[in-house]
Asker: 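Pasting a structure below so you can have a look.
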Amino acid sequence: MYTGVYMKKKLIPIIATIVLFIDQIIKLIIRKNMNLYNSIKIIKNFFNITYVKNIGAAWSIFSGFQIPLIIFTIIVLIILYYYFVKDKCLKNCEIIMYGILLGGILGNLFDRIFLNGVIDYLDFIILGYDFPIFNFADIAIVISMFSLVFLELRGEKNDSK
């Protein structure tokens, strides 16, 4: 019989779906209201909304390798589930972070499969450096990963089933 901890794991796909939905709505708004490579200045010399399609991974590495990136992402999702989620007792914060992580990964995977590249739009210039353009899914991935690493380094161990 499952305990309440395992029942809470059902929240992971719900949270992931919410993150995926928000990500895809924002990207749809960008695609419908802007032309590719156009930019809207929000805060001069600091923040723009710039519509680009990234056909690579972070910082456009592996550009043009959509199929290997899709396959790699699917493998990461499988490893994430079987190694980190399945048969683990997860705390509420871990459930939330895994849901956010999954939603972010799926948001960019959806773009790769259906749009042949990831839609990016958040364009920051920080201390004179024009940071690579990113999106909501990227934020979800980075925040959840840092949070999960922090929780792991904090020393609280998960128990197996």
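Scope of the values below: all heavy atoms of this structure, side chains included, with no hydrogens, waters or symmetry mates. Index from 1, following the sequence.
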Asker: Which pair of heavy atoms, one from G104 and one from A140, lies closest together, and at what distance?
Answerer: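 Shortest heavy-atom contact: CA-CB, 4.1 Å.
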
Asker: Determine, step by step, whether C93 and L151 satisfy the side-chain contact (heavy atoms from CB on, under 4.5 Å) criterion, reporting the C-alpha distance in whole Å, the side-chain angles of both residues, the deciding distance to 0.1 Å, and the verdict.
Answerer: CA-CA 9 Å; C93 56; L151 290 170; 3.7 Å; yes

Asker: How far apart are the C-alpha atoms of L115 and R31, what are their side-chain angles, what is the distance that settles it, and do they pass the side-chain contact (heavy atoms from CB on, under 4.5 Å) test?
Answerer: CA-CA 11 Å; L115 303 173; R31 288 192 339 261; 3.5 Å; yes

Asker: Return the CG to CD1 distance between L102 and I141, rounded to the nearest 0.5 Å.
Answerer: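 Between atom CG of L102 and atom CD1 of I141 there are 10.0 Å.
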
Asker: Drop me the distance from I126's CD1 to F46's CZ, to the nearest 0.5 angstrom.
Answerer: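 With rounding to 0.5 Å, CD1 (I126) is 5.5 Å from CZ (F46).
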
Asker: Hey, could you give me the CZ/CD1 distance between F21 and I26, rounded to the nearest 0.5 Å?
Answerer: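 Answer rounded to 0.5 Å: 10.5 Å.
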
Asker: Counting distance only, does the side-chain N/O of E94 pair as donor-acceptor with the main-chain N or O of K91 below 3.5 Å?
Answerer: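 Side chain of E94 to backbone of K91, a donor-acceptor pair under 3.5 Å: yes, one is there.
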
Asker: Flag the pair L122 / F134 as yes when at least one side-chain heavy-atom distance between them is below 4.5 Å, and no otherwise.
Answerer: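 Result yes, sub-4.5 Å side-chain heavy-atom pair found.
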
Asker: In terms of the angle between their ring planes, are F110 and F114 parallel, tilted or perpendicular, with boundaries placed at 30° and 60°?
Answerer: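 Rings of F110 and F114: tilted, 30 to 60°.
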
Asker: Quick check: is V118 connected to I30 through a chain of hydrophobic side chains (ILVMFWY, heavy atoms under 4.5 Å apart)?
Answerer: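 In one cluster: no.
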
Asker: About how many Å separate CD of Q66 and OG1 of T73, when rounded to the nearest 0.5 Å?
Answerer: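 So the gap between those two atoms works out to 9.5 Å.
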
Asker: What is the minimum heavy-atom distance between D23 and G107, and which atoms define it?
Answerer: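 That would be OD2-CA, 3.3 Å.
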
Asker: What is the minimum heavy-atom distance between T50 and M34, and which atoms define it?
Answerer: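 Heavy atoms of T50 and M34 come nearest at CA-CE, 4.5 Å.
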
Asker: Judged by atom type as modelled, is there a donor-acceptor pair below 3.5 Å linking the side chain of D123 to the main-chain atoms of I133?
Answerer: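 Absent.
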
Asker: Closer than 3.5 angstrom, by distance alone: can the side chain of N33 be matched with the main-chain N or O of I29 as a donor-acceptor pair?
Answerer: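 Here the side-chain-to-backbone pair exists.
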
Asker: Once you round to the nearest 0.5 Å, how far does CD1 of I143 lie from CG of L148?
Answerer: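 I143 CD1 to L148 CG: 12.0 Å, rounded to 0.5 Å.
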
Asker: Search all heavy atoms of L101 against all heavy atoms of L80 and return the closest pair with its distance.
Answerer: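 Taking every non-hydrogen atom into account, CD2-CD1, 3.7 Å.
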
Asker: Are I125 and I42 connected in a single hydrophobic cluster, I mean Ile/Leu/Val/Met/Phe/Trp/Tyr linked by side-chain heavy atoms less than 4.5 Å apart?
Answerer: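 No, because I42 and I125 fall into different hydrophobic clusters, even though each may have its own neighbours under 4.5 Å.
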
Asker: Go through the steps to decide whether N38 and Y51 satisfy the test side-chain contact (heavy atoms from CB on, under 4.5 Å), and finish with yes or no.
Answerer: CA-CA 6 Å; N38 281 2; Y51 173 20; 5.7 Å; no

Asker: Quick check on K41: does its NZ atom have over 12 non-hydrogen neighbours (other residues, nucleotides or ligands) under 6.0 Å away?
Answerer: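 Incorrect, the count does not exceed 12.
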
Asker: Considering only heavy atoms from C-beta outward, does the side chain of I22 approach that of F136 to under 4.5 Å?
Answerer: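 Yes; the side chains approach each other to less than 4.5 Å.
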
Asker: Applying the salt bridge (Lys or Arg N to Asp or Glu O under 4.0 Å) test to K27, which of D120, D111, D138 qualifies?
Answerer: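 Testing K27 for a salt bridge (Lys or Arg N to Asp or Glu O under 4.0 Å) against D120, D111, D138 leaves exactly one candidate, D111.
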
Asker: Would you say the ring centroid of F47 lies under 6.0 angstrom from that of F124?
Answerer: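 Distance test on ring centres: under 6.0 Å, yes.
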
Asker: Do you know the tightest heavy-atom contact between N116 and K53?
Answerer: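 It is O-CD, 4.0 Å.
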
Asker: Is there a path of hydrophobic side-chain contacts, each under 4.5 Å between heavy atoms of I/L/V/M/F/W/Y residues, joining Y121 to I25?
Answerer: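 No.
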
Asker: Let me confirm one number: the CE-CE distance from M145 to M97, rounded to the nearest 0.5 Å.
Answerer: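 Spacing of CE (M145) from CE (M97) equals 12.0 Å.
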
Asker: Please check: side-chain N/O of K9 versus main-chain N/O of K88, any donor-acceptor pairing under 3.5 Å?
Answerer: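 Yes.
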
Asker: Test of understanding: clusters of I, L, V, M, F, W, Y form through side-chain heavy atoms closer than 4.5 Å, transitively. Do L28 and L109 belong to the same one?
Answerer: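 No, L28 and L109 fall in different hydrophobic clusters.
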
Asker: N108 and N135: side-chain donor and acceptor closer than 3.5 Å?
Answerer: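 Short answer, yes.
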
Asker: Could you tell me if the side chain of N54 sits less than 4.5 Å from the side chain of I119, heavy atoms only?
Answerer: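 A side-chain contact under 4.5 Å is absent here.
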
Asker: Decide whether V142 and Y129 are clustered together by the hydrophobic rule: side chain heavy atoms of Ile, Leu, Val, Met, Phe, Trp, Tyr closer than 4.5 Å, transitively.
Answerer: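 No: no chain of side-chain contacts under 4.5 Å links V142 to Y129.
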
Asker: Closer than 3.5 angstrom, by distance alone: can the side chain of Y98 be matched with the main-chain N or O of S144 as a donor-acceptor pair?
Answerer: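 No, because the side chain of Y98 does not come within donor-acceptor range (under 3.5 Å) of the backbone of S144.
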
Asker: Does a side-chain heavy-atom distance below 4.5 Å link L77 with L106?
Answerer: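 Of all side-chain heavy-atom pairs linking L106 with L77, at least one is under 4.5 Å.
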
Asker: What's the verdict on side-chain contact (heavy atoms from CB on, under 4.5 Å) for I40 and N48, showing C-alpha distance, side-chain angles and the deciding distance?
Answerer: CA-CA 5 Å; I40 300 169; N48 301 314; over 6 Å; no

